[in-house]
Amino acid sequence: ILTSQAENPTFKKILTQVKSDVEGGASFADALKKHPKVFDNLFTNLVAAGELGGVLDTILQRLAAYIEKNARLVSKVKGAMVYPSVIGVIAVVVIIVMLVFVIPVFAEMFSSFGGELPGLTQAVVDISDFLRANWWIILGIFIALGFAFKKFKDTDRGEYLVDKLMLKIP
């Protein structure tokens, strides 16, 4: 029934494989364990316990309730993260626009007055000049860092450390 209702072709293929494995004599839990990216250890181990205890229907109902609650929680967390993320992105864009377009105008105006700029003002002008001259290097560094972070997060240790850090963020 699930195979005919599944809209995702990859998930439909996995369900078909699980069905054929069960029809071929494998236990339901063993058929699910062949697909660890779809069915995690908690899911497969609870199914195995339900099969052994003869309470598979109860276990599947509890798993369904757990998965639904988890999906709602993930949705709430993602929703709560949208506003701070948007504010952060807008802040970065505003800073970049100021450094690239506004600061050079002020730097030219200040230089026409003659004299030396205060240290902090000169530092901002220098950062602006560096950003305008080397934007492609900075962009490349950020792309490389993003790629490296994604690769690190895809490992078990990386996922653990990132999740641990995310829990400590207020």
Side-chain angles (χ1 to χ4, degrees), residues 2-3 6-18 21 29-49 62-108 110-111 117-170:
L2 283 176
T3 304
E7 294 177 7
N8 185 324
T10 305
F11 188 56
K12 186 179 266 192
K13 181 180 175 186
I14 290 170
L15 289 175
T16 304
Q17 290 173 348
V18 168
D21 287 344
D30 289 338
L32 295 176
K33 285 181 183 177
K34 291 181 179 179
H35 309 282
K37 291 186 177 183
V38 178
F39 306 105
D40 63 1
N41 284 335
L42 174 68
F43 192 92
T44 55
N45 289 334
L46 284 174
V47 167
R62 288 182 182 170
L63 277 170
Y66 166 75
I67 290 170
E68 288 171 358
K69 285 180 184 177
N70 191 37
R72 280 194 300 270
L73 178 63
V74 167
S75 174
K76 285 181 181 179
V77 169
K78 284 182 180 178
M81 291 302 296
V82 168
Y83 181 72
S85 300
V86 168
I87 295 298
V89 167
I90 289 173
V92 168
V93 168
V94 166
I95 290 170
I96 289 172
V97 166
M98 287 185 64
L99 286 173
V100 172
F101 298 109
V102 178
I103 298 296
V105 172
F106 280 104
E108 189 176 311
F110 287 143
S111 67
L117 294 174
L120 190 56
T121 307
Q122 186 60 50
V124 171
V125 170
D126 291 342
I127 290 170
S128 173
D129 292 341
F130 178 80
L131 183 63
R132 289 177 42 228
N134 301 306
W135 66 268
W136 53 274
I137 294 173
I138 296 168
L139 180 65
I141 289 171
F142 276 108
I143 289 172
L145 285 173
F147 181 74
F149 177 77
K150 177 155 177 30
K151 283 292 190 187
F152 175 69
K153 190 176 182 301
D154 287 344
T155 65
D156 289 337
R157 179 166 168 69
E159 184 178 15
Y160 170 75
L161 290 174
V162 169
D163 287 346
K164 184 177 175 183
L165 176 68
M166 293 298 282
L167 288 173
K168 290 184 180 183
I169 295 175

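Hydrogens, waters and symmetry mates are skipped; everything else that's a heavy atom, side chains included, is used.
T44 approaches A29 most closely through the heavy-atom pair O-CB, 3.8 Å. Nearest approach of P104 to L99, heavy atoms of both residues: CD-O, 3.5 Å. Considering all non-hydrogen atoms of both residues, V100 and S128 come closest at N-OG, 4.5 Å.
Put simply, CG on D126 and CD1 on I103 are 11.5 Å apart, with the number rounded to the nearest 0.5 Å. Atom CD1 of I141 is separated from atom CG of N134 by 9.0 Å, given to the nearest 0.5 angstrom. Interatomic distance, Y160 OH to L165 CG, rounded to the nearest 0.5 Å: 12.0 Å. In this structure, the separation between CZ on R157 and NZ on K164 is 9.0 Å, given to the nearest 0.5 Å. Note that the CG atom of L15 and the OG1 atom of T10 stand 11.0 Å from one another [nearest 0.5 Å]. Atom OG1 of residue T3 and atom CZ of residue F11 lie 8.5 Å apart, to the nearest 0.5 angstrom.
Within a 6.0 Å radius of CZ in F39, other residues, nucleotides and ligands contribute more than 12 heavy atoms. Counting non-hydrogen atoms of other residues, nucleotides and ligands closer than 6.0 Å to CZ of F152 gives a total above 12. Within 6.0 Å of the CG atom in L145, the count of heavy atoms belonging to other residues, nucleotides or ligands exceeds 12. Residue D156 qualifies as open at atom CG: its count of foreign heavy atoms under 6.0 Å is 12 or below.
Inter-residue side-chain proximity for L63 and V47 is flagged as met; some heavy-atom pair is nearer than 4.5 Å. L73 is not listed as a side-chain neighbour of K69, based on a closest heavy-atom distance of 4.5 Å or more. V38 places none of its side-chain heavy atoms less than 4.5 Å from the side chain of F43. For the pair H35 and Q17, the minimum side-chain heavy-atom distance is below 4.5 Å. Using a 4.5 Å cut-off on side-chain heavy atoms (C-beta onward), L42 and Y66 make contact. Side chains of N45 and K33 form a contact here, defined as non-hydrogen atoms less than 4.5 Å apart. Side-chain contact check for Y83 versus I87: some heavy-atom pair is nearer than 4.5 Å. A heavy-atom distance below 4.5 Å is found between the side chains of I138 and F130.
One N or O on the side chain of T16 and one on the backbone of K12 form a donor-acceptor pair closer than 3.5 Å.
For D129, the side-chain hydrogen bond (donor to acceptor under 3.5 Å, both in side chains) test picks out no residue, with sequence neighbours left out. With sequence neighbours excluded, the residues satisfying side-chain hydrogen bond (donor to acceptor under 3.5 Å, both in side chains) with D30 are S27.
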### Query
Step by step, would you call I96 with V92 a side chain to side chain contact (heavy atoms under 4.5 Å, CB included)?
CA-CA 6 Å; I96 289 172; V92 168; 3.8 Å; yes

